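Remember, it's a predicted structure, so these values are computed and weren't measured experimentally.
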Amino acid sequence: MQTQNVFSKNQSSIIKGLAIILMVIHHTFAFPDRISNVNYIPIIFNIDRYIAEFGRICVFMYLFLSGYGLFYCAERDNGITYKNIIDRVIKLLSKYWLIIFLFIPVGIILGVYSFNINQFLMNFFTLSYSYNQEWWFINTYILLILSFPIVYKIIKYKSYIRVIILSLIISFTSIGIDFIMPSIDSILFIKIIRLVCIYQLYFITGCIFCKYKVMDLIYNFVNSKGINKINNYVILVIICMLIRQITSILDFIIGPIFIFSSMMIINKLKIEKLFLFMNKHSTNIWLTHSFLCYYYFQDIVFMPKYAILIIPWIMILSVCLSFIINKIEIIMENTFIRIKEVIKIAI
C-alpha cells in the first residue's frame, strides 16, 4: 500500500520537539568543564553523558527540517518569494531581540556581564555570541534561510547527484580548512561563511529528501518487507548513537535514519503530544535554556542531584520560562496595537 506525505507538518513538529529536548540534554551534560561548580549523580553507565554527546545531532535535525519544510512550502505554493523568507527571519530576530532585552540586563545586574555598547551591538546583530555561546547557530541559520530561493532553484532543476557531490565538497573543504588553518576563524566574516558552508549540507539534505519524498519511500519499503516494528527502530537509534560516538562527519547519513526511526517509535508509543507540546516552546527554549544551565541559575538546575531527575527538571524550568516570555510578547503586541490606534485617532 503506497502512502503519501508520511513526513507531514505534524510529524515535523514532533521531531522538532525531540530536537529541542536533545539540545537541552546536550548542553546540560556534554560539557563537564562548564558545570564544574555543581555536582550530580549520573545515570548508570553514564548514559546521560552518552545521550548528551549524541544530542548535538539536533543541529542536523533543525537544518534538515528547515530545508524540508521550506522546500515543501515552495512546491505547494509554486515558488517562494524573498518576502516569505524575510518574514521568517524577522520573526526569529524579533524573538531573539526580545530575549536579549529581557536576559542581558539580568546578567549585568548579577555581574555576569559588564555593559559594553560594542559588545551589545555585535550580539544584537548576531555578529557575536559573547553573551551566550549557544547563540552561535543563529547567524548560520539565518544565512541558510536567506539562501533558500537560490538553493531551491538549483535543487529543482539540477541533478540531485551533482547537488549532493557539490554540497559534500563544499562542506568537507570548509571542515578541512579549520584543520589546516585553525587561526582563520579569527576573521569574523570568514568564520561566518565557513560555518554556512559546513552546515549547508544538512539544509540541502532536507530539501532533497522533500523533493524525492524519501521518507515515503523508506516507509513503503519497511512496510513491504514486514520490518515496520518498534524493536527494529530502537536498534537503528542505538546504532546511530554508537556511530556518532566515533564521528559526527556522517550526520547527514545517520541523521535521516535517526529522524525516521524516532518518528516511528514516538508514533507507535503514542506519545506524540509530549513532543508537539515541546515544539510549541522550542524557539524560546533554544534561545534561553543555557541561561539556566550555565550562566544564571546553574545551582537551581542541578538541585535534584540525580541526572535522571535533572533532565525533566530543566525541561520544566525551560517551559515555565517560555510561558513567561510568551506572556510578555502578548502584552507587548497588545500595547503596540493600542499605541497605533491612539496615533491613528490623533491623526
task = If you link ILVMFWY side chains whenever their heavy atoms are less than 4.5 Å apart, which other residues fall into the same cluster as Ile331? By chain and number, please.
result =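 Via sub-4.5 Å side-chain contacts, Ile331 links to none.
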Would you say [atom1] of [X] has more than 12 non-hydrogen atoms from neighbouring residues, nucleotides or ligands within 6.0 angstrom?
X: Phe172; atom1: CZ; answer: yes
X: Tyr50; atom1: OH; answer: no
X: Ile308; atom1: CD1; answer: no
X: Tyr212; atom1: OH; answer: yes

- request: Please list all pairs passing the ring-ring contact (aromatic ring centres under 6.0 Å, His included) test where one or both residues lie in residues 312-345, with sequence neighbours left out.
  value: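 Listed by first then second residue: His281-Phe323.
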What residues, two or more places apart in sequence or in another chain, satisfy side-chain hydrogen bond (donor to acceptor under 3.5 Å, both in side chains) together with [X]?
X: Gln133; result: none
X: Asp87; result: Lys83
X: Ser167; result: Gln200
X: Glu272; result: none

- Go through the steps to decide whether Val38 and Asp299 satisfy the test side-chain contact (heavy atoms from CB on, under 4.5 Å), and finish with yes or no. CA-CA 7 Å; Val38 293; Asp299 289 342; 3.3 Å; yes
Ignoring hydrogens and angles, state whether a donor on the side chain of [X] or [Y] is under 3.5 Å from an acceptor on the partner side chain.
X: Arg194; Y: Tyr199; value: no
X: Asn139; Y: Tyr129; value: no
X: Asn10; Y: Ser13; value: no

Side chains of [X] and [Y]: closer than 4.5 Å at any heavy-atom pair?
X: Ile99; Y: Trp286; answer: no
X: Gln11; Y: Ile259; answer: no
X: Ile100; Y: Phe120; answer: yes
X: Tyr219; Y: Met264; answer: yes
X: Phe7; Y: Ile15; answer: yes
X: Tyr96; Y: Thr126; answer: yes
X: Leu188; Y: Met122; answer: yes
X: Cys197; Y: Thr173; answer: no

Using distance only, find each side-chain donor-acceptor pair of residues 106-116 under 3.5 Å and give its atom names and separation, not counting sequence neighbours.
| from | atom 1 | to | atom 2 | distance (Å) |
| --- | --- | --- | --- | --- |
| Tyr113 | OH | Tyr131 | O | 2.4 |
| Asn116 | OD1 | Asn118 | N | 2.9 |
| Asn116 | OD1 | Gln119 | N | 2.9 |

Separation of [Y] [atom2] from [X] [atom1] (nearest 0.5 Å):
X: Cys73; Y: Asn78; atom1: SG; atom2: CG; value: 12.5 Å
X: Thr288; Y: Leu321; atom1: OG1; atom2: CG; value: 4.5 Å
X: Ile169; Y: Ile164; atom1: CD1; atom2: CD1; value: 12.0 Å

Query - Residues Lys268, Asn228; criterion side-chain contact (heavy atoms from CB on, under 4.5 Å); working and verdict - result: CA-CA 10 Å; Lys268 286 179 180 295; Asn228 186 6; 3.3 Å; yes
Could you give the side-chain donor-acceptor pairs of residues 51-72 under 3.5 Å, partners two or more places apart or in another chain?
| from | atom 1 | to | atom 2 | distance (Å) |
| --- | --- | --- | --- | --- |
| Glu53 | OE2 | Arg49 | NE | 3.2 |
| Ser66 | OG | Tyr62 | O | 2.8 |
| Ser66 | OG | Tyr141 | OH | 3.3 |

Query raised in the report: Sequence neighbours excluded, which residues qualify as salt bridge (Lys or Arg N to Asp or Glu O under 4.0 Å) partners of Lys156?
Result: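 Expected list: Glu75.
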Checking [X] now: which residues fulfil side-chain contact (heavy atoms from CB on, under 4.5 Å) with it, not counting sequence neighbours?
X: Asp48; answer: Phe29, Tyr40, Pro42, Ile43, Ala307
X: Val196; answer: Thr140, Leu143, Leu144
X: Val163; answer: Ile154, Ile155, Lys158, Ile204, Ile208

_For the backbone of Asp216 and the side chain of Asn220, can you confirm whether one donor and one acceptor N or O come within less than 3.5 Å of each other?_
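Judged by distance alone, yes, a pair lies under 3.5 Å.
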>> What verdict does the ring pair (Phe, Tyr, Trp, His ring centres under 6.0 Å) test give for Phe291 and Trp135, after you've listed the backbone C-alpha separation in whole Å, the side-chain angles of each residue and the deciding distance to 0.1 Å?
In response: CA-CA 11 Å; Phe291 285 114; Trp135 287 351; 5.6 Å; yes
